[in-house]
Amino acid sequence: MTSSLDEADVDDDSASACPVTSSLLLARPGEPIVLWEDARAVLACDPGVQSGWVLAVSTRGVIVPIASMLIGTRSRPGRRGVPMVRAYAPACDDHVQTVETLLDIYDGATTLPDGTTWPRPRPVVACEDWFAGVNPGTARDIARQFYFAEAAAQRHGLVFRAVANQTWKKTYLGRGNMRSDEALLAYSAAGYAAHPHVERWAGATVGALTQTDDAAALGIATWYLRTEQT
């Protein structure tokens with residue numbers, strides 16, 4: 001996996017590495033985020049064959065998304081002039097490396113006030129829980145990535161929290177009982193409204209949205225930082 005992160009998306013589709021897409025979400029890149037005593041940090045994950053991760057912090061009541069990463073790819077059928085894309089699911093080590101990369105970004109993007117007496121908060125890993133849906137294969141794939149995310153949190157000594165699908169969607173999107181396509185469009189639109197430079201989150205149809213799992217992770221991160229959980 002690539003360990004670099006730029007303002008533009010970076011794709012790695014080589015056969016020897018898990019495909020990665022990274023985006024910087026900061027409004028003012030290069031300006032350190034001051035973590036005051038109430039600060040909290042989260043690494044949020046939307047698990048799947050393509051898994052989305054988002055690093056975000058909250059300090060003095062303001063939520064600041066810092067970076068997002070997509071690992072793996074969903075399969076996409078080919079059409080005239082556009083080749084087929086095969087599914088490439090992340091392995092456990094890909095999640096471990098993603099968490100390591102985002103922790104490095106966290107250390108570089110945040111700072112403590114001069115003369116501080118409190119430590120930099122360790123991020124909590126908040127991951128959407130898997131559930132037995134109508135498609136057993138999909139449930140299996142999501143469950144595998146969920147436990148890979150949990151293993152990555154354990155590898156880095158981070159607290160792991162499972163988040164129910166409807167819980168974060170009800171708070172973030174206003175409804176928890178949304179159909180899959182309806183939810184995809186809703187969290188992509190919310191992410192694009194806040195971060196219009198992430199163009200892959202723009203689109204009026206599901207077919208136009210092929211890489212949006214980190215937009216879901218942004219919703220999970222926002223939900224977590226708005227709650228009283230620690």
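No hydrogens, no waters, no symmetry mates; every other heavy atom, side chains included, goes into these values. Position 1 is the first residue of the sequence, and the numbers go up from there.
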* Show your working on side chain to side chain contact (heavy atoms under 4.5 Å, CB included) between T212 and L184 and close with a plain yes or no. => CA-CA 8 Å; T212 62; L184 187 152; 3.9 Å; yes

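- Connection of F148 to Y88 is not established within any shared hydrophobic cluster, with ILVMFWY side chains joined at heavy-atom distances below 4.5 Å, either directly or through further cluster members.
- Here CG of D46 is found 5.5 Å from OH of Y187. Values are rounded to the nearest 0.5 Å.
- Shown here is R155, whose CZ atom has no more than 12 heavy atoms of other residues, nucleotides or ligands within 6.0 Å.
- Put simply, OG1 on T98 and CD1 on I71 are 3.5 Å apart, with the number rounded to the nearest 0.5 Å.
- Here the shortest heavy-atom pairing between A56 and A221 reads CB-CB, 4.2 Å.
- Of the possible donor and acceptor atoms, none in the side chain of H156 sits under 3.5 Å from a partner among the backbone N and O of V99.
- A continuous path of Ile, Leu, Val, Met, Phe, Trp and Tyr side chains, each step under 4.5 Å between heavy atoms, connects V64 with W53, placing both in one hydrophobic cluster.
- Taken to the nearest 0.5 Å, the CE atom of M69 stands 11.5 Å off from the SG atom of C45.
- Looking at H95 and Q145, their side chains do bring a donor and an acceptor atom within 3.5 Å of each other.
- Put simply, the side chain of D94 gets close to the backbone of A91: a donor and an acceptor are under 3.5 Å apart.
- F160 approaches A149 most closely through the heavy-atom pair CE1-C, 3.9 Å.
- No side-chain heavy atom of R40 sits under 4.5 Å from any side-chain heavy atom of V57.
- A distance-only check finds a donor-acceptor pair linking the side chain of T222 to the backbone of L218 [under 3.5 Å].
- By the salt bridge (charged side-chain N to carboxylate O under 4.0 Å, His left out) test, R28 is found to be paired with E31, residues two or more places apart in sequence or in another chain being considered.
- Taking every heavy atom of both residues into account, W201 and S68 meet most closely at CZ2-OG, 4.5 Å.
- Distance check, rounded to the nearest 0.5 Å: OG of S58 to CD1 of I33 gives 11.0 Å.
- Criterion: ILVMFWY side-chain heavy atoms under 4.5 Å apart, direct or through other members. Under it, L158 and F146 are part of a common hydrophobic cluster.
- Between the CG atom of L55 and the OG1 atom of T101 there is a distance of 11.0 Å, given to the nearest 0.5 Å.
- Of all heavy-atom pairs spanning T21 and Q211, the tightest one is OG1-NE2, 3.7 Å.
- Although no hydrogens or angles enter the test, the distance criterion places no donor-acceptor pair under 3.5 Å between the side chain of S188 and the main chain of L185.
- Annotation: side chain of T59 is not in contact with side chain of V34 (no heavy-atom distance under 4.5 Å).
- A donor-acceptor contact under 3.5 angstrom links the side chains of W130 and Y147, judged on distance only.
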* Would L43 and L103 satisfy side chain to side chain contact (heavy atoms under 4.5 Å, CB included), going step by step from the backbone distance to the final call? -> CA-CA 9 Å; L43 296 174; L103 287 174; 4.1 Å; yes

* Verdict with reasoning, I66 to T110, per side chain to side chain contact (heavy atoms under 4.5 Å, CB included) -> CA-CA 10 Å; I66 297 175; T110 61; 4.1 Å; yes

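- Distance check: C127 SG to I220 CD1 gives 7.0 Å after rounding to the nearest 0.5 Å.
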* To do: Quick one: do V125 and Y224 satisfy side chain to side chain contact (heavy atoms under 4.5 Å, CB included)? Show the steps, please.
  => CA-CA 10 Å; V125 174; Y224 181 84; over 6 Å; no

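- The closest donor-acceptor contact from the side chain of R60 to the backbone of W36 lies at 3.5 Å or more, if one exists at all.
- In plain terms, the two heavy atoms of W168 and E128 that are nearest each other are NE1-OE2, 2.7 Å.
- Residues R120 and Y106 have side chains in contact (heavy-atom distance under 4.5 Å, counting atoms from C-beta outward).
- Cation-pi contact between R226 and Y172: absent, since separation from the ring centre below 6.0 Å together with deviation from the ring axis within 45° is not met.
- In this structure, H195 contributes its side chain and L25 its backbone to a donor-acceptor pair below 3.5 Å.
- Considering all non-hydrogen atoms of both residues, A41 and P121 come closest at CB-O, 4.4 Å.
- With respect to D214 and R200, a salt bridge is recorded, a charged nitrogen being found less than 4.0 Å from a carboxylate O.
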